[in-house]
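Working notes, structure below.
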Amino acid sequence: MSFISNIKEKFAKKILERNIKQFPRHKEFHNLSTPKSIGILFDTRDEKKHKTIKTFQKQLKSQGHQVKSLAWVDADLLPDYGVGQQILYYCNKDLNWAGKPQLPEIEEFIQTKFDILFDFSGEAHPNLRYAANLSQAACKVGGYDEQKKHLDLMIDMGKEKSLDKLIEQSLQYLNQIKKN
């Protein structure tokens, strides 16, 4: 990482920390029978991951959940994913220098009070960190990563870090939560 990138990253983290304190969220655990709305956050750097998320989204919708997904594309322009994807995509041109999304649709996603947010962004990429940390979701679930302190339920995948296994484990643990 270059010197300028390092400085930029440190400023972005400071701004994010200030925003987190400024916009606290109400935390509440949910199991899979209680949520009405579910958010999914992911990156599209891996085509297999993209397909897995779309299948997972359809599965949740078939169970009666309202699902919205936000995906970051590592490009300056969005590729044509076709009509009716039901996924909000954003790319590098939609971010300011600190990684903050500049589109109102992304800000709306962040402000939505999802019952559960699945953070499948992999490593804590700066372009996804803003949305993941500031999301107003009641319960945030994702894979274990020391940099992802915003998660309420972290799934330690050990050596097997596949998205399919993370989804399976997340659903298994959420089904075990007892809610009155």
Side-chain angles (χ1 to χ4, degrees), residues 16 19-44 46 49-73 78 81-91 94-95 99-122 124-125 127-145 147-155 157 163-180:
L16 181 59
N19 283 337
I20 290 170
K21 290 177 185 174
Q22 197 173 17
F23 302 105
R25 68 184 173 96
H26 171 72
K27 297 178 185 181
E28 179 182 359
F29 272 101
H30 286 271
N31 58 29
L32 283 178
S33 63
T34 59
K36 293 181 179 86
S37 61
I38 296 175
I40 302 173
L41 180 65
F42 68 103
D43 67 75
T44 61
D46 178 2
K49 184 178 186 180
H50 192 208
K51 289 178 182 177
T52 301
I53 295 289
K54 287 175 19 181
T55 302
F56 180 54
Q57 180 175 322
K58 285 180 188 175
Q59 174 191 351
L60 291 171
K61 284 185 176 192
S62 72
Q63 295 171 357
H65 303 292
Q66 294 176 346
V67 182
K68 287 185 182 179
S69 296
L70 178 64
W72 173 65
V73 179
L78 288 175
Y81 284 117
V83 180
Q85 291 291 321
Q86 299 180 353
I87 298 172
L88 174 61
Y89 295 95
Y90 69 105
C91 62
D94 300 322
L95 305 167
K100 179 181 177 186
Q102 300 296 305
L103 295 175
E105 296 89 354
I106 299 170
E107 194 60 39
E108 181 182 316
F109 181 90
I110 292 168
Q111 294 304 318
T112 302
K113 294 181 184 337
F114 295 111
D115 294 321
I116 297 175
L117 174 72
F118 289 101
D119 181 356
F120 296 136
S121 58
H125 197 281
N127 294 340
L128 293 163
R129 190 179 303 136
Y130 184 88
N133 280 279
L134 289 178
S135 171
Q136 292 299 303
C139 181
K140 297 179 185 181
V141 178
Y144 175 78
D145 184 333
Q147 294 186 18
K148 291 188 172 187
K149 294 177 177 36
H150 64 279
L151 294 176
D152 302 309
L153 178 60
M154 285 191 193
I155 311 297
M157 300 300 298
L163 178 60
D164 291 319
K165 188 72 172 171
L166 177 57
I167 290 173
E168 176 189 320
Q169 291 289 307
S170 297
L171 295 177
Q172 179 181 342
Y173 284 111
L174 286 172
N175 276 323
Q176 291 176 2
I177 293 173
K178 301 283 187 234
K179 182 135 173 134
N180 296 333

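In what follows, every heavy atom counts, from backbone to side chain, and hydrogens, waters and symmetry copies are set aside.
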* State which residues pass salt bridge (charged side-chain N to carboxylate O under 4.0 Å, His left out) with Lys165; sequence neighbours excluded, sorted by chain then number. => Glu168
* Those residues that, when tested against Glu105, pass salt bridge (charged side-chain N to carboxylate O under 4.0 Å, His left out) (two or more places apart) -> none
Distance from [X] atom [atom1] to [Y] atom [atom2], nearest 0.5 Å?
X      : Y      : atom1 : atom2 : answer
Leu117 : Leu70  : CG    : CG    : 9.0 Å
His65  : Thr34  : NE2   : OG1   : 8.5 Å
Thr52  : Asp164 : OG1   : CG    : 4.5 Å
Met157 : Leu163 : CE    : CG    : 9.0 Å
Phe120 : Leu128 : CZ    : CG    : 13.0 Å

* **Partner set under ring-ring contact (aromatic ring centres under 6.0 Å, His included) for Phe114, not counting sequence neighbours** =>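 By the ring-ring contact (aromatic ring centres under 6.0 Å, His included) rule, Phe114 matches Phe109.
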For [Y], does its backbone N or O pair with a side-chain atom of [X] as donor and acceptor, under 3.5 Å?
X      : Y      : result
Thr112 : Glu108 : yes
Ser121 : Phe42  : no
Lys27  : Lys140 : no
Asp94  : Cys91  : yes

* To do: Begin from the C-alpha positions of Glu28 and Asp152 and carry the test side chain to side chain contact (heavy atoms under 4.5 Å, CB included) through to its verdict.
  => CA-CA 9 Å; Glu28 179 182 359; Asp152 302 309; over 6 Å; no
[X] to [Y] - nearest heavy-atom pair and separation:
X      : Y      : result
Leu151 : Val141 : CD2-C, 3.8 Å
Thr44  : Ala71  : CG2-CB, 3.8 Å
Leu41  : Ala132 : CD2-CB, 3.5 Å

Please list, chain by chain and in numerical order, all residues satisfying side chain to side chain donor-acceptor pair (under 3.5 Å) with [X], sequence neighbours excluded.
X      : result
Lys113 : none
Ser170 : none
Ser33  : Asn31
Lys68  : none

* Taking only residues two or more places apart in sequence or in another chain, which ones pass side-chain contact (heavy atoms from CB on, under 4.5 Å) with Asp115? ->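 For Asp115 the side-chain contact (heavy atoms from CB on, under 4.5 Å) partners, ignoring immediate neighbours, are His30, Pro35, Lys36, Ser37.
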* Among all residues two or more places apart in sequence or in another chain, which pass the side-chain contact (heavy atoms from CB on, under 4.5 Å) test with Tyr173? -> Leu153, Ile155, Gln169, Gln176
* **Evaluation steps, side chain to side chain contact (heavy atoms under 4.5 Å, CB included), between Ile53 and Phe118** => CA-CA 10 Å; Ile53 295 289; Phe118 289 101; over 6 Å; no
* **Criterion side chain to side chain contact (heavy atoms under 4.5 Å, CB included) on Leu60 and Ile40, from CA distance to verdict** => CA-CA 11 Å; Leu60 291 171; Ile40 302 173; 4.2 Å; yes
* With a 4.5 Å heavy-atom cut-off, do Ile106 and Trp72 have their side chains touching? -> no
* Asked: Any chance NZ of Lys61 has more than 12 other-residue heavy atoms, nucleotides or ligands included, within less than 6.0 Å?
  ->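 Yes, enclosed.
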* **Asp119 vs His150, side chain to side chain contact (heavy atoms under 4.5 Å, CB included): CA-CA, chis, key distance, verdict** => CA-CA 10 Å; Asp119 181 356; His150 64 279; 2.8 Å; yes
